[in-house]
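Data first, discussion second: the structure below is written as structure tokens.
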Amino acid sequence: MTTTPNSPLTTSVQHENASAPSFVTRWWPPALAVGSAVGVWWLATAVLAPAQSLLRETTPVRVAKSLVDLFNRGVLLPDIGVSLWRLLIGLLVAALVGIPAGLLIGLNDTADRATRPVVQFLRMISPLSWAPISVALFGIGNEPVIFLIAAAAVWPVLINTAAGVHAIDPGFLQVAKSFGASRTEQLSVVVLPAIRGHLQTGLRVALGIAWVVLVPAEMLGVRSGLGYQILNARDQLAYGQVVALIVVIGVIGYLLDLVARRALAGSRPG
């Protein structure tokens, strides 16, 4: 059987031949980087570390065994769920505060000038600096953790929302006004669609900051969550479990950012 250069069979074979190298080209750099990082980790902890060093407790093999032990004890998945729940609530609070405040600052020059010093002052304070105050206000429990997450995540949302409003062409709002659009209609028809990209960026940045703050915030006396498990493992001198939890935190953070990036990319207009 003969095939012409443009026949369906030839096209299919060319597509299959092209897809395989494309797949390999796409995945070998990150696979090589991860493998190299694990190799350096093994070399530093299993080969170069002194025999009596605590680093010997954190080799990749021992960390993998500790991870399996945490999973078999039934504590890992519940604590991951609790941490993700606190993260979600804190981000929701940050969005409910940051988006309206950003819209107000972006749409009102007087509000922008009045709040700029306060916003710049507050956003430069480490969220964990508020830990003693949050515990004094809310006591021990979920509330101070959620407060610290919201205090960290609100500023990227607010600032990106305001920046998006400032970037809108004033002519768009003038056209809407000329057609008799009310404030609410201008907001829903012109402003919100125009700032979607800025808002998505702010939420993604807020997600990363909130996840970083979550773990130390869970060391404020709560009895669950990934941060609590790190403290618990440290108190037991189980440094293999400490590193195993650090690995879990890093993997979940990577997956959260990946999901956010894919979701935001898919929601943008083509």
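Hydrogens, waters and symmetry mates play no part in the numbers below; they use all other heavy atoms, side chains included.
Trp130 and Leu87 sit in two unconnected hydrophobic clusters of ILVMFWY residues. Membership requires side-chain heavy atoms under 4.5 Å apart, directly or through other members. Hydrophobic cluster membership differs between Leu199 and Val259, with clusters built from Ile, Leu, Val, Met, Phe, Trp and Tyr side chains linked at under 4.5 angstrom. Under a hydrophobic-cluster definition in which Ile, Leu, Val, Met, Phe, Trp and Tyr are linked whenever side-chain heavy atoms come within less than 4.5 Å, directly or via other members, Leu256 and Ile80 are assigned to the same cluster. Hydrophobic clustering keeps Val68 apart from Leu226 (ILVMFWY residues linked when any side-chain heavy atoms are closer than 4.5 Å, directly or through intermediates). The hydrophobic clustering, which links ILVMFWY residues whose side-chain heavy atoms are closer than 4.5 Å, places Val38 and Leu32 apart.
Under the ring-ring contact (aromatic ring centres under 6.0 Å, His included) criterion, Phe71 pairs with no residue at all, not counting sequence neighbours. Val212 meets the side-chain contact (heavy atoms from CB on, under 4.5 Å) test with no other residue; sequence neighbours excluded. Ser134 meets the side-chain hydrogen bond (donor to acceptor under 3.5 Å, both in side chains) test with no other residue; sequence neighbours excluded. For the side-chain hydrogen bond (donor to acceptor under 3.5 Å, both in side chains) test, no residue two or more places apart in sequence or in another chain qualifies with Arg234. In terms of the ring-ring contact (aromatic ring centres under 6.0 Å, His included) criterion, Tyr228 has no residue partners (sequence neighbours excluded).
What you find for Ala95 and Pro100 is that their closest heavy atoms are O-CD, 3.7 Å. Thr115 and Ala111 get closest at one heavy-atom pair: OG1-O, 2.7 Å. A pairwise comparison of heavy atoms in Gly227 and Glu218 identifies N-OE1, 2.9 Å as the closest pair.
Residue pairs satisfying the side-chain hydrogen bond (donor to acceptor under 3.5 Å, both in side chains) criterion with at least one member in residues 90-111, sequence neighbours excluded, are absent. Listed by first and then second residue, the side-chain hydrogen bond (donor to acceptor under 3.5 Å, both in side chains) pairs involving residues 136-152 are Arg86-Asn142 (not counting sequence neighbours).
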Name each donor-acceptor pair under 3.5 Å that joins a side chain in residues 147-155 to protein atoms two or more places apart or in another chain, with its distance.
from, atom 1, to, atom 2, distance (Å)
Trp155, NE1, Ala151, O, 3.2

Name every donor-acceptor pair, under 3.5 Å, that has one atom in a side chain of residues 156-166 and the other anywhere in the protein, sequence neighbours excluded.
from, atom 1, to, atom 2, distance (Å)
Asn160, ND2, Pro156, O, 2.8
Thr161, OG1, Val157, O, 2.6
His166, ND1, Ala162, O, 3.3

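Taking Ile, Leu, Val, Met, Phe, Trp and Tyr as hydrophobic and joining them when side-chain heavy atoms fall under 4.5 Å apart, one finds Leu92 in a cluster with Leu96. In the hydrophobic clustering, Trp41 connects to Val63, Val243, Val247, Val251, Tyr254, Leu255, Leu258, either directly or through intervening members, whenever side-chain heavy atoms lie under 4.5 Å apart. Leu88 shares a hydrophobic cluster with no other residue; no ILVMFWY side chain has heavy atoms under 4.5 Å from its own.
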Set out, in order, the CA-CA distance, both residues' side-chain angles and the distance that settles side-chain contact (heavy atoms from CB on, under 4.5 Å) for Val135 and Ile140, then state yes or no. CA-CA 6 Å; Val135 172; Ile140 301 298; 3.8 Å; yes
Criterion side-chain contact (heavy atoms from CB on, under 4.5 Å) on Leu84 and Ile252, from CA distance to verdict: CA-CA 10 Å; Leu84 290 176; Ile252 295 176; 4.2 Å; yes
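Contact check on Asp69 versus Lys65 returns no salt bridge, with no Lys/Arg side-chain nitrogen under 4.0 Å from an Asp/Glu carboxylate oxygen.
Residue Arg223 places its CZ atom among 12 or fewer non-hydrogen atoms of other residues, nucleotides or ligands, all under 6.0 Å distant.
Partner Val248 forms a side-chain contact (heavy atoms from CB on, under 4.5 Å) with one of Leu67, Asp79, Leu70 and no other, that one being Leu67.
Side-chain contact between Leu207 and Leu203: absent, with no pair of heavy atoms (C-beta onward) separated by less than 4.5 Å. Between Ile249 and Trp211, some side-chain heavy-atom pair lies under the 4.5 Å cut-off. Here the side chains of Leu76 and Leu245 are in contact, with some heavy-atom distance below 4.5 Å. When side chains are defined from C-beta on, Leu214 counts as touching Val145, because their heavy atoms get closer than 4.5 Å.
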